Amino acid sequence: MRLGESAGKTDPGRVRRRNEDAFVVDPPLFAVADGMGGAQAGEVASRLAAAAFREFREADELGPEERVQAIIKEANRRIYERARTDSEVSGMGTTVTAALLTDGRVVIGHVGDSRAYRIRDGRLEQLTEDHSLVADLMRSGRLTPEEAEGHPQRSVITRALGTDPDVDVDTLVIEAQAGDLFLLCSDGLSTMVSDADVLRTVERADTLDAAARDLVRAANTGGGEDNVTVVLFRLETDEAVEETLVAPVPGAEATETEQESDLEDTLTGLPPVSAAAAATTTAEPAIVAEPTAAPEPLPEPAAEEPRRRRPPRWRKRILWAALGLGFVALILGAALYGLSRAYFVGADEDGRVTVYQGIPFDLSDGVGLYRERYVSRLQSSQLAAGERGGLFDHELLSYDQARARVATYEAEAVP
Ligand code: CA
């Protein structure tokens, strides 16, 4: 048995401007990290974790479980040390869920609420147990799964990298077989997409790259309230005739580059999308124009009238060009109109309820047509799922309407 396809993708989602997630596809190691902390701290934490996976070679000689433990503990030390000595990122932390493929086994190590799943024989099985408040409450029988889903504190994790000098790492050893597919993801996927839809999406895709892209898209369709990251890999038999090892996934190196570019966080100044970002993330085709508005091609001359002149080609081309330009102008006009007139409610990178001016669309990764106008002290996690659904419906409002809508919930939740 050996590694077959693998893939990784990350996307900021539809509500947050920053992407605080990071991932590693560096066979036989795979990982997802979901950072948290104000300003850029979450990004720093998750990238430090990802870097530890690529750099910490001292662990290479250890047994598989010890190796995973050692890398995650090293990541914890690096983040803790940085948070302790750099006031700009104090208090930062990150989850990590990692997988190491060894002889017939997959060793999973994790801290926090990023998850690992295995898909086998058409069934999706969650391998990790979240280190989160609601998971604790569920385990002790004080919350039902239904209650947990809408619980206001459902994003509160009980264990993270970077908050203490040492960290408890859960590891589990999974006996694997050919055909098994492993999925690592941040909670931006698991809270937005049901298990059944995750399974359906993966099984429908032709390749793992396509599956990763479709999962990100499903999370965005489901609300995209959080950064979403997925890593997938499949095991196959040694006898498979296709080419041996997986081609290195661009995401393995690209993650960092991409996130460097994300640090250029200029909302209105449309930051350049790096080639790496384009390669590893799925740009939601929010306003991508399909040329469906174009008319049918002009009729071809009938066979029995061979002498009739065809319309000159250039005329067709000009028609197409004009239609294309018109469409672009229309979209830009709508966008500018939206920017000047419209407001909507979302959450910023720290989860605070925020009134944005503009329209809730990202042209491509990280390029949003909106900017912050009011940031509430209200955390989106303080709202029940139903309330979030109502508040973050992305309806375009006037500024006063948007403020009034937020104020209703502020009055309830903020003392
Ligand atoms: Ca998250």
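Owing to the predicted nature of the structure, the values given are computational and were not obtained by experimental measurement.
Salt-bridge check for R78 with E81: failed, with every basic side-chain N at 4.0 Å or more from each acidic carboxylate O. Electrostatic pairing of R403 and D400 does not count as a salt bridge here, judged by no charged N lying under 4.0 Å from a carboxylate O. Between R14 and E225 there is no salt bridge, since no side-chain nitrogen of the basic residue lies less than 4.0 Å from a carboxylate oxygen of the acidic one.
In summary, the side chains of R84 and Y80 do not present any donor paired with an acceptor at a separation below 3.5 Å, with no hydrogens or angles considered. For the residue pair S114 / T97, no side-chain donor-acceptor distance below 3.5 Å is found, with atom types taken as modelled. With no hydrogens or angles considered, no side-chain donor-acceptor pair links D34 and S186 at under 3.5 Å. In summary, the side chains of T191 and D226 do not present any donor paired with an acceptor at a separation below 3.5 Å, with no hydrogens or angles considered.
Side chain of E372 to backbone of Y374: no donor-acceptor contact under 3.5 angstrom is found. A distance-only check finds no donor-acceptor pair linking the side chain of R54 to the backbone of D26 [under 3.5 Å]. Remark: the backbone N or O of A135 is not paired with any side-chain donor or acceptor of E129 at under 3.5 angstrom. Under a 3.5 Å cut-off, the side chain of E5 and the backbone N or O of L208 do form a donor-acceptor pair. The main-chain N or O of A404 is found under 3.5 Å from a side-chain atom of T408 such that the two form a donor-acceptor pair. Remark: the backbone N or O of A22 is not paired with any side-chain donor or acceptor of T10 at under 3.5 angstrom. Side-chain atoms of D164 never come within 3.5 Å of backbone atoms of D166 as a donor-acceptor pair (strictly under, hydrogens ignored).
Using a 4.5 Å heavy-atom threshold, the side chains of L29 and I71 count as touching. Side-chain contact between E410 and V353 is absent, with no heavy atoms from C-beta onward closer than 4.5 Å. R204 has its side chain out of reach of D214: every pair of non-hydrogen atoms, C-beta onward, lies at least 4.5 Å apart. Two residues are said to be in side-chain contact when any heavy atoms from C-beta on lie closer than 4.5 Å; V106 and L235 meet this criterion. Side-chain contact between I72 and N76 is absent, with no heavy-atom pair separated by less than 4.5 Å. The shortest distance between side-chain heavy atoms of L127 and F182 falls below 4.5 Å. Contact check for N227 versus R18: no side-chain heavy atoms found under the 4.5 Å cut-off. Put simply, the side chain of D170 does not reach to within 4.5 Å of the side chain of T128, judged on heavy atoms.
Few gaps surround CD on E203; more than 12 heavy atoms of other groups in view lie less than 6.0 Å from it. For R123, the CZ atom counts as loosely surrounded, since its 6.0 Å shell holds 12 or fewer non-hydrogen atoms of other residues, nucleotides or ligands. Environment of CZ in R118: crowded, with over 12 heavy atoms of neighbouring residues, nucleotides or ligands closer than 6.0 Å. Other residues, nucleotides and ligands contribute more than 12 heavy atoms inside 6.0 Å of the CG atom of D60. By the 6.0 Å contact criterion, CD on E175 is enclosed, its count of non-hydrogen atoms from other residues, nucleotides or ligands being greater than 12. Within 6.0 Å of the CZ atom in R142, the count of heavy atoms belonging to other residues, nucleotides or ligands does not exceed 12.
The line from CD of E20 to CD of Q40 is 10.0 Å long, rounded to the nearest 0.5 Å. Here the CD1 atom belonging to I119 is positioned 10.0 Å from the CG atom belonging to D180, to the nearest 0.5 angstrom. One finds the CG atom of L183 at 6.5 Å from the CG atom of L215 (value rounded to the nearest 0.5 Å). Put simply, CD1 on I79 and OG1 on T94 are 5.5 Å apart, with the number rounded to the nearest 0.5 Å. Atoms CG and CE, from D21 and M36 in turn, are 9.5 Å apart once rounded to the nearest 0.5 Å. The distance from the CG atom of L124 to the CG atom of L199 is 5.5 Å, given to the nearest 0.5 Å.
In terms of heavy atoms, A402 sits closest to Y343 at CB-CB, 4.2 Å. Annotation for L161 and A49: closest pair CD1-CB, 4.4 Å, computed over non-hydrogen atoms. Residue D168 comes nearest to R159 through the heavy atom pair O-NH1, 2.8 Å, listed as atom of the first residue, atom of the second, then distance. Heavy atoms only, all atoms of each residue included: V230 and C185 are closest at CG1-CB, 4.2 Å. The shortest heavy-atom contact between M92 and R82 is CE-CG, 3.6 Å. N19 and P12 get closest at one heavy-atom pair: ND2-N, 3.7 Å.
Screening residues 107-145 for ring-ring contact (aromatic ring centres under 6.0 Å, His included) gives H110-H131 as the qualifying pairs, with residues at least two apart or on separate chains. Listed by first then second residue, pairs satisfying ring-ring contact (aromatic ring centres under 6.0 Å, His included) with a partner in residues 30-50 read F30-F233, not counting sequence neighbours.
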Is there a side-chain contact (heavy atoms from CB on, under 4.5 Å) between N220 and M192 once you walk through the steps? CA-CA 8 Å; N220 283 331; M192 291 289 125; over 6 Å; no

Check step by step if side-chain contact (heavy atoms from CB on, under 4.5 Å) holds for R120 and E125. CA-CA 8 Å; R120 174 188 285 179; E125 184 192 348; over 6 Å; no

